[in-house]
Amino acid sequence: MNEPIRMKNNGQISITLHPKRKGTIEPVRAIHVVEEKTDGHEILAEIEEELHSLVGLKSVKQMIREIYAWIIVNKKRTEFGLKTEKQVLHMMFKGNPGTGKTTVARLIGKLFYKLNVLSKGHLIECERADLVGEYIGHTAQKTRDLIKKAMGGILFIDEAYSLGRGGEKDFGKEAIDTLVKHMEDHQHDFVLILAGYSREMDTFLSLNPGLQSRFPIIIEFPDYSVDELIQIAKQMMKQKEYVFSEDAVRKLTDHLIQTKSSFQNVRFSNGRYIRNIIEKSIRAQAMRLLKENRYGRDELVTIRSDDLVFPTQNQALY
Ligand SMILES: Nc1ncnc2c1ncn2[C@@H]1O[C@H](COP(=O)(O)OP(=O)(O)OP(=O)(O)O)[C@@H](O)[C@H]1O
């Protein structure tokens, strides 16, 4: 984490400032304020490490690197008094459930905190019901309260298209208007991410033409391939200190091939589906071990093919 004041190798004192960050210090004449020279590389290394832990998402990773480069270069240009592009960082994430949208939003929060773009970098996740109220004025108040909580961080609205559901007369419109007002007034205090399924988000934007230009960064999250889903599964298992037997990997692969083909063009819930299988299978393994009364280390960590529990068709959807 950045310290507000740091002595550098060359004897200069660097102050890292953010207008809203607690404990920051106003620069005084005697102190030469310089931009951290090493920070950029350190942050990039940390970000690369985090990106590495995400399976697939090649174009998402590329986009994050571009945003990173854009912020750094803009900072450097400012130092030389050069013109910079207006840095609007509100974003739209389009993709099916479980494709990593929330995970990436959290990562972007961390990145912006490290780059001093946001003072806290936390994520406030919400959906229509959290924003929309029941009477005139209630929605604006609820929306404002959430924006307040998100100050210094990211306001992530899942299934954002549902705000446009009821048209002009719906309170969703009031929520959109309040959001738009605040994203202009507090442009540098929070980042708004609207997330949702691609098709619905496109319809939502076509019905609210003024919105599109306010979200210059649009990231598409594709469905994962079977190979990627297996990698995600192995990674989740590793984090929980479990492994699949070879048979279990084969059975899971076959199941995913079959499920994905039967869900073509429908919303398959990707990483969330995998997490579901793992949680259910861990419980099934525990029942088996109890029955067999076998508690060796290998037994405790291994999920066998007959431990695997697959969700029903409906659970695969959302
Ligand atoms: N690329 C990935 N690498 C590793 N794990 C992933 C990846 N994508 C998703 N996951 C895992 O899958 C699960 C669902 O991901 P996440 O909640 O980020 O998806 P989402 O797109 O926000 O879904 P939803 O909109 O349905 O909430 C999480 O447990 C997450 O850690």
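Keep in mind that this is a model prediction, so the values were computed, not measured. Order of appearance sets the numbers: ligands from 1, and atoms from 1 within every ligand.
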Identify the closest protein heavy atom to atom 23 (O) of ligand 1: which residue and atom is it, and at what distance? Gly98 N, 2.8 Å

With a cut-off of 6.0 Å (strictly less than), are more than 12 heavy atoms of other residues, nucleotides or ligands near NZ of Lys61? yes

Would you check the N or O atoms of Thr102, main chain and side chain alike, for any that come under 3.5 Å of an N or O of ligand 1? yes

What protein heavy atom is closest to atom 30 (C) of ligand 1, reported as residue, atom name and distance in Å? Thr103 OG1, 3.7 Å

N or O contact, Arg275 vs ligand 1, cut-off under 3.5 Å: yes

Check: Glu125 N/O within less than 3.5 Å of ligand 1 N/O: no

Got the closest protein heavy atom to atom 26 (O) of ligand 1, with its distance? Arg272 NH2, 1.9 Å

Which residue holds the protein heavy atom closest to atom 4 (C) of ligand 1, what is that atom called, and what is the gap in Å? Gln235 OE1, 3.5 Å

Assess whether a salt bridge exists between Asp247 and Arg250, defined as any Lys/Arg side-chain N lying under 4.0 Å from an Asp/Glu carboxylate O. yes

Among all protein heavy atoms in this structure, tell me which lies nearest to atom 7 (C) of ligand 1, with the distance rounded to 0.1 Å. Tyr224 OH, 3.3 Å

Heavy-atom nearest neighbour in the protein, as seen from atom 3 (N) of ligand 1, with distance rounded to 0.1 Å: Val55 N, 3.0 Å

Using distance alone, decide if ligand 1 has a nitrogen or oxygen within less than 3.5 Å of any nitrogen or oxygen in Gly100. yes

Report the distance from atom CD of Gln212 to atom CZ of Arg214, rounding to the nearest 0.5 Å. 12.0 Å

Salt-bridge criterion met for Glu228 and Lys58 (N-O under 4.0 Å): no

Salt bridge or not between Lys94 and Asp202? Use side-chain N to carboxylate O under 4.0 Å. yes

Identity and separation of the nearest protein heavy atom to atom 11 (C) of ligand 1: Met236 CE, 3.5 Å

I'd like to know if Asp185 and Lys181 make a salt bridge, using a cut-off of under 4.0 Å between side-chain N and carboxylate O. yes

Heavy atom of the protein closest to atom 5 (N) of ligand 1 (residue, atom name, distance): Ile232 CG2, 3.8 Å

Are Arg288 and Glu299 side-chain neighbours, meaning at least one heavy-atom pair lies under 4.5 Å? yes

Does some side-chain heavy atom of Ile136 sit less than 4.5 Å from a side-chain heavy atom of Phe171? yes

